Structure formats: C-alpha cells, structure tokens
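Both ligands and their constituent atoms are indexed starting at 1 by order of listing. Predicted, not measured: the structure shown is a model, and the values here were computed from it. Residue numbers count from 1 along this sequence. Keep in mind that the numbers below use all heavy atoms, side chains included, and drop hydrogens, waters and symmetry copies.
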Amino acid sequence: MDDRLADNRAHWEELAALHPDTAFYDVESFLDGESTLRPLEREELGGRVGEGTRLLHLQCHFGLDTLSWARHGADVTGADFSETAVETARDLARETGLAERARFVEGDLYDLPAVLDEAFDVVFTSYGVLNWLPDIEAWADVVGHFLTSGGTFYVAEIHPFSHVLMDLDLVEGRPVPDWSYFGGDPRTYDEDGTYADREAELDDTVTHEWAHGLGEVVTALVDAGLDVEFVREHPFACFEQFPGMEHDEDGYWWLPEAPEDVPLTFSLRARG
Ligand SMILES: C[S@@+](CC[C@H](N)C(=O)[O-])C[C@H]1O[C@@H](n2cnc3c(N)ncnc32)[C@H](O)[C@@H]1O
C-alpha cells in the first residue's frame, strides 16, 4: 500500500474505535431503530432501494448508513479499509438482527474488484469520502465495475469548493486559499481531533487528502461509462464545517449569515 494511504488507514483505524462512542454518531438512537440516512439521500435514492436491492456502500465507515439501507429491505455490502470499522459494522449487524442481509468487506477501495466478484443494483457513497482518494478516475472505474447495466450510482458529498473556503485569506482583496480546488499534490495534515469529536487526542494524526473539483468528479464518472442523471448543489453541510454553524433537526449545518448562498454539499445520481 502507498505510504500515504497507510497513514490514512492508521488514522481511520483510530477514528473507527472512537466514533461509535461519540454523540455525533449517536449509535444508541440507531440501535433503537432510527435511520442514520439524511433526507437528501432518502429523497434522491430511496425510491430505488427496496426489498432485495443489491446495494454496495463504498467507504462505509462502521456501517450505520449501510445498515440503515438494509432496514429499507436492501441486501447490503459495506466496504472499508479499516478493519476496526468493518468489525464494528459486523457487530452492529448482529445486534440489530440485520446480519442475514448485511455483509462487510475489508479492503482498500482500489483493490475491491479483486476481492468482490459480483455486480450491484445500487452503488452508494457519502459525506467525507472523495478527499481520501488519490485517483478519482480509478475510483470512477471501481464504481462502474460494480454497477449493473441500468443500476444506480449515488453520491452525496462535501462540496469541493467549500474546502477552499475553509482556509482562505484575503490579500489586498484577492482570495488566497490554502487548498487548491483543482487538486494536484495532496495536503498533509498533522492534527488531533475529528469532525465527530474536536477534542479527541489521537496517536495517528498524520493524514493526506486530495482535492477533486466537481467537474473532475463528473467527467471521471462519464468516462467510466455512467449516464449522469443530475448533479445538485446544496447550501448545507453534513457536519459543523465552519465554527458557529447552526444545526437543524435533519442533521444538516447552515451558515447563519448566508443560509442560501454557498455550496457546501453536492449530490449526484447516475445510471450504469
Ligand atoms: C468520513 S468516513 C465516511 C463517513 C460516512 N459517511 C459515515 O458518516 O459513516 C470516510 C471513510 O473512508 C474510509 N476510507 C478512506 N480511504 C479509504 C480507502 N482508500 N479505501 C477504503 N476505505 C477508505 C475510512 O476508513 C472511513 O471509514
């Protein structure tokens, strides 16, 4: 494995151990029967997921969204490169009585075609996934590889432009971002804390993230043979991306001074 992906995996191993105990993930409500899926993906994908739908969830973390789709009747496969995440997901599947329709596979996303030999009606991925991937064309090929002809791919994700706003200075009125929208070399961070627990002290703090502009993502999927049905941009975030954001009951975060003005999330649906 590439050293940078190995650093990322060590970091995610640690987060996978921490996250189930955070209020952000609220595992207790999930065990009580609540879905962790947000209204966006339920509205935009839910109509295509029902009894027996074969659904693959890429970068599934510890499986809450995957298992929520199983509660919609789907036969789900979650995949992630964190062993801890996959083991926790399997435990949750057993605990919720969903184990018969849920399986979890450990592996780097790019290696999955060598590990899983089947096709899926739906391929799903969401919120905080693409920035961990060095090669977006190869990612799109993996999506295309697993999708049945006529099947549905769906992603809801942090809007790539919003990454630029997270570290932005103005020099004589001109924007000077710390993060290029257009990608290139990865950004390396060495920080404690996670989006689910800002105060967490970590051992594996070094991570590497890649920028992929919206055009790059859409073009990669088109080049992989998918028919894009829509790309939608939304002014809410899936976590407190900027200090002082306001939280709503659907789990989205809003900029109080500009609730309709800045793209913070995008969603894309395509056919295989
Ligand atoms: C931000 S989390 C996804 C969160 C998910 N939306 C949720 O809230 O449960 C990103 C996930 O991507 C996984 N990941 C990162 N790089 C990966 C790779 N190269 N292959 C497979 N999984 C990867 C991490 O282990 C982590 O579980």
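Checked against the 6.0 Å centroid criterion, the rings of His247 and Phe239 do not qualify as a close aromatic pair. Taking the ring centroids of Tyr25 and Phe62, they lie under the 6.0 Å cut-off. The aromatic ring centroids of His212 and Trp139 lie 6.0 Å or more from each other.
Under a 4.0 Å heavy-atom criterion, Asn8 is not in contact with ligand 1. Heavy-atom distances between Ala85 and ligand 1 stay at or above 4.0 Å for every pair. Under the 4.0 angstrom criterion for non-hydrogen atoms, Cys238 is not in contact with ligand 1. The closest approach between any non-hydrogen atom of Tyr110 and ligand 1 is not below 4.0 Å. Every heavy atom of Phe62 sits 4.0 Å or more from the atoms of ligand 1.
Residues Thr152 and Leu147 share a closest heavy-atom pair of O-CD1, 3.4 Å.
Atom 22 (N) of ligand 1 has as its closest protein heavy atom Phe81 N, 3.3 Å. The shortest contact between atom 11 (C) of ligand 1 and any protein heavy atom is with Asp80 OD2, 3.7 Å. Looking from atom 6 (N) of ligand 1 to the surrounding protein, the closest heavy atom is Ser126 O, 2.8 Å.
Polar contact check, Cys60 against ligand 1: no nitrogen or oxygen pair lies under 3.5 Å apart. Residue-to-ligand polar distances keep Asp65 apart from ligand 1: every N/O pair is separated by 3.5 Å or more.
For Asp7 and Arg4, the salt-bridge test fails: no basic side-chain N is under 4.0 Å from an acidic carboxylate O.
A donor-acceptor contact closer than 3.5 angstrom links the side chains of Ser267 and His234.
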Open item on the list: Evaluate Arg54 against Glu118 for salt bridge (Lys or Arg N to Asp or Glu O under 4.0 Å), listing each step before the verdict.
Closed with: CA-CA 10 Å; Arg54 294 165 298 168; Glu118 58 198 272; over 6 Å; no
